Visitor: 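One structure, pasted below without further comment.
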Amino acid sequence: MNTFSPEDNLDISESSPSSPGSPLGKIDLSGLIQFGLTEAVNDQFKAIIAKDSDLVPGRVTRVDGISTFVQTASVDYRAVSTFARIAHKDEFEIEPAQPTVGDWVLVRPGEEQNPDELELVLPRISLLSRKRVMRGKEQGDEQILASNINTVFVVQAATYFNPSRLEREIALVWGSGATPVVVITKIDLLEEGQDPTVAIAQARESAPDVEVFAASGITGEGTEPLRKYTEAGSTVVLIGASGVGKSTLVNLLMGQQTMETAEIRESDTRGRHTTVTRQLLRLPNGGVLIDTPGIRTIGLVSGSEDALAKTFSDVEEYMWKCRFSDCGHSSEPGCAIAEAIKSGNLSQTRFDSYMRMGRELQFEETKNDAAAKTDHQRRMKVVAKANRQRTKAEKRRKS
Ligand SMILES: Nc1nc2c(ncn2[C@@H]2O[C@H](COP(=O)(O)OP(=O)(O)OP(=O)(O)O)[C@@H](O)[C@H]2O)c(=O)[nH]1
Ligand SMILES: [Mg+2]
Ligand SMILES: [Zn+2]
């Protein structure tokens with residue numbers, strides 16, 4: 001990853017053709033380094049400001065209704081985003097954008113009584129979203145949780161570890177373009193004789209190819225290895241059920257009480273969320289954390305087939321070995337799935353989860369929400385394109 005040290009010269013005034021008297025004529029973006037600014041993002045900002053020096057670059061730290069809180073190199077803006085659009089290279093390509101926490105954006109400061117307008121959103125390199133489910137009823141649309149994240153800490157408590165939930169969470173993350181990391185918290189609460197290695201082993205089974213850590217946000221035990229994900233220039237978002245200890249972990253990594261934390265009331269089945277808004281925080285070392293409110297249900301957005309395949313790569317591998325290519329994995333001869341289950345290499349529960357989630361996605365496909373699906377696919381296409389461009393730019397820079 002390309003990151004800056006604060007000493008790097010980020011003065012981009014030379015490429016800005018603004019009038020000498022303009023207060024924005026000499027823009028110094030070094031203040032954004034501590035909000036995760038990378039060279040690639042800086043280059044994109046530079047190119048845009050060269051054409052329009054009134055725009056101010058920044059990063060979205062919080063979204064509250066119609067207000068988008070943007071941290072820029074010097075001041076904070078509370079901007080409206082009615083006409084925000086993705087900053088495609090082709091200026092005539094107009095794609096509306098709903099800004100989210102983590103977005104790199106350009107604000108047009110309002111003159112006199114006019115509000116500050118969030119105008120452009122840089123193409124995202126990753127986008128975490130889920131299907132919105134309200135009070136047990138599907139609401140159908142997609143909730144965008146965070147963007148431009150490198151790593152997602154999927155947090156579960158050792159005291160009530162839930163493997164099938166973990167599978168869903170991992171699938172959600174693989175679909176975003178970011179890398180999942182499992183963090184099992186509250187290991188200090190395990191009674192004597194109870195061992196975190198049990199939960200770790202379970203997590204490894206539910207999340208093959210994913211790193212698993214066990215830690216305590218209270219004692220700090222096991223948290224040191226997590227810091228390698230939070231280096232300068234990288235963004236980490238924490239997701240998980242309410243009360244698993246996301247904010248407690250955030251506070252520990254921040255080295256201070258930044259987020260409110262609280263015991264959830266057992267009697268309240270709705271679950272009381274202590275954290276109510278997604279919020280971007282900067283770590284003392286230049287990394288960025290995004291704390292989120294607990295998610296109760298993890299709905300996969302349609303088009304998540306690849307994410308499902310990645311989550312259940314072990315299951316799919318067995319499937320390839322079935323004698324018949326159209327094997328139903330029930331009682332067919334030469335079924336590698338049945339064999340794996342019988343020999344104990346694959347658990348029946350895991351296979352059932354895979355089938356259930358596959359059916360859910362299939363149902364999504366058949367449902368009449370073609371519009372929602374294309375929205376999601378279009379958004380992820382932009383993410384893929386942004387990644388290709390970034391890789392190319394990085395190669396150019398290295399050569
Ligand atoms: N003993 C112990 N308690 C913990 C640990 N992590 C969190 N807690 C406690 O668990 C409760 C919930 O922690 P939070 O950090 O508020 O949980 P959260 O995941 O942020 O919850 P929401 O904001 O509602 O999504 C609090 O009372 C914490 O003190 C831990 O590692 N060990
Ligand atoms: Mg919280
Ligand atoms: Zn089979």
Side-chain angles (χ1 to χ4, degrees), residues 62 101 130 145-146 152-162 165-166 169 182-192 194 196 199 213-224 226 236-254 256-266 268-281 289-298 312 314-343 345-346 348 350-352 354-355 358:
R62 192 155 70 86
V101 176
R130 63 154 183 160
L145 297 170
V152 180
F153 286 171
V154 177
V155 185
Q156 288 231 7
T159 40
Y160 40 90
F161 181 76
N162 181 340
R165 187 187 158 101
L166 186 67
E169 291 171 326
V182 177
V183 183
I184 299 165
T185 51
K186 306 198 183 187
I187 53 168
D188 59 298
L189 288 183
L190 291 174
E191 279 157 34
E192 229 170 291
Q194 273 185 310
F213 297 91
S216 164
I218 298 283
T219 67
E221 187 189 347
T223 54
E224 263 329 291
L226 298 176
V236 176
V237 57
L238 294 93
I239 64 163
S242 197
V244 293
K246 297 179 294 297
S247 302
T248 305
L249 194 59
V250 164
N251 288 341
L252 187 118
L253 293 169
M254 294 282 291
Q256 62 183 57
Q257 290 298 115
T258 310
M259 299 299 297
E260 199 190 323
T261 63
E263 206 62 65
I264 50 164
R265 292 167 301 187
E266 295 292 338
D268 188 348
T269 50
R270 278 277 135 76
R272 188 176 61 103
H273 299 294
T274 307
T275 307
V276 289
T277 48
R278 282 164 279 135
Q279 197 161 337
L280 186 145
L281 307 160
L289 289 180
I290 300 175
D291 194 7
T292 66
I295 311 177
R296 232 153 54 84
T297 40
I298 316 278
F312 292 95
D314 53 335
V315 178
E316 298 218 333
E317 208 155 292
Y318 288 122
M319 283 182 160
W320 285 109
K321 293 184 187 139
C322 292
R323 187 181 304 159
F324 303 114
S325 59
D326 62 346
C327 184
H329 321 296
S330 39
S331 53
E332 286 86 345
C335 174
I337 292 282
E339 252 167 58
I341 292 172
K342 203 169 146 215
S343 65
N345 289 330
L346 174 67
Q348 181 73 47
R350 183 162 168 78
F351 179 63
D352 292 345
Y354 169 80
M355 293 301 275

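Each ligand, and each atom within it, is numbered from 1 in the order the structure gives. Model, not experiment: these values are computed from the prediction.
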Visitor: Between Glu316 and Tyr354, is any side-chain donor less than 3.5 angstrom from a side-chain acceptor?
Guide: yes
Visitor: Roughly, to 10 degrees, what angle do Cys335 atom SG and Cys327 atom SG form around the Zn ion (ligand 3)?
Guide: 110°
Visitor: So does Asn251 get a backbone contact from the side chain of Thr258, meaning a donor-acceptor N/O pair under 3.5 Å?
Guide: no
Visitor: Answer side chain, backbone, both or neither: which part of Leu189 comes under 4.0 Å from ligand 1, heavy atoms only.
Guide: side chain
Visitor: List the atom of Val315, the atom of Ile337, and the distance in Å for their closest heavy-atom pair.
Guide: O-CD1, 3.7 Å
Visitor: I need the atoms of ligand 1 closer than 4.0 Å to a non-hydrogen atom of Pro293, numbered in the order shown.
Guide: 25 (O)
Visitor: N/O/S atom of Ser242 under 2.8 Å from the Mg ion (ligand 2), yes or no?
Guide: no
Visitor: For ligand 1, is there an atom lying under 4.0 Å from some heavy atom of Gly240?
Guide: no
Visitor: Starting from the C-alpha separation in whole Å, work towards a yes-or-no answer on side-chain contact (heavy atoms from CB on, under 4.5 Å) for Leu281 and Val250.
Guide: CA-CA 9 Å; Leu281 307 160; Val250 164; 3.5 Å; yes
Visitor: For the Zn ion (ligand 3), find the closest N/O/S atom on His329 and give its atom name.
Guide: ND1
Visitor: Has Thr274 got an N/O/S atom less than 2.8 Å from the Mg ion (ligand 2)?
Guide: no
Visitor: When you look for heavy atoms under 4.0 Å from ligand 1, do you find them on the side chain of Thr261, its backbone, both, or neither?
Guide: both
Visitor: Which bit of Ala262 is near ligand 1, meaning a heavy atom under 4.0 Å away: side chain, backbone, both or neither?
Guide: backbone
Visitor: Under 3.5 Å, N or O to N or O, is Ser242 touching ligand 1 that way?
Guide: yes
Visitor: Working to the nearest 0.5 Å, report the span between OG1 of Thr248 and CG of Leu253.
Guide: 11.0 Å
Visitor: Determine whether a donor-acceptor pair (N or O, by modelled atom type, separation under 3.5 Å) exists between the side chain of Gln156 and the backbone of Asn162.
Guide: yes
Visitor: Test of geometry: compute the angle OG1(Thr275)-the Mg ion (ligand 2)-OG(Ser247) and round it to 10°.
Guide: 90°
Visitor: Please could you name the atoms of ligand 1 that Gly217 approaches to less than 4.0 Å, counting only its heavy atoms?
Guide: 30 (C), 31 (O)
Visitor: Is it the case that atom CD in Glu221 sees more than 12 heavy atoms from other parts of the structure closer than 6.0 Å?
Guide: no
Visitor: For residues Glu339 and Asn345, determine if any side-chain heavy atom of one lies less than 4.5 Å from a side-chain heavy atom of the other.
Guide: no
Visitor: Quick check: do Phe351 and His329 have side-chain heavy atoms less than 4.5 Å from each other?
Guide: yes
Visitor: So, is Thr248 polar-close to ligand 1, with some N/O to N/O distance under 3.5 Å?
Guide: yes
Visitor: Taking only heavy atoms of Asp188, which atoms of ligand 1 are found under 4.0 Å from at least one of them?
Guide: 1 (N), 2 (C), 30 (C), 31 (O), 32 (N)
Visitor: Does the N or O separation between Thr185 and ligand 1 drop below 3.5 Å for any pair?
Guide: no
Visitor: If the cut-off is 4.0 Å to any non-hydrogen atom of Gly294, which atoms of ligand 1 fall inside it?
Guide: 25 (O)
Visitor: Exactly one of Leu289, Thr261, Thr223, Asp291 should register a side chain to side chain contact (heavy atoms under 4.5 Å, CB included) with Leu249. Which one does?
Guide: Thr223
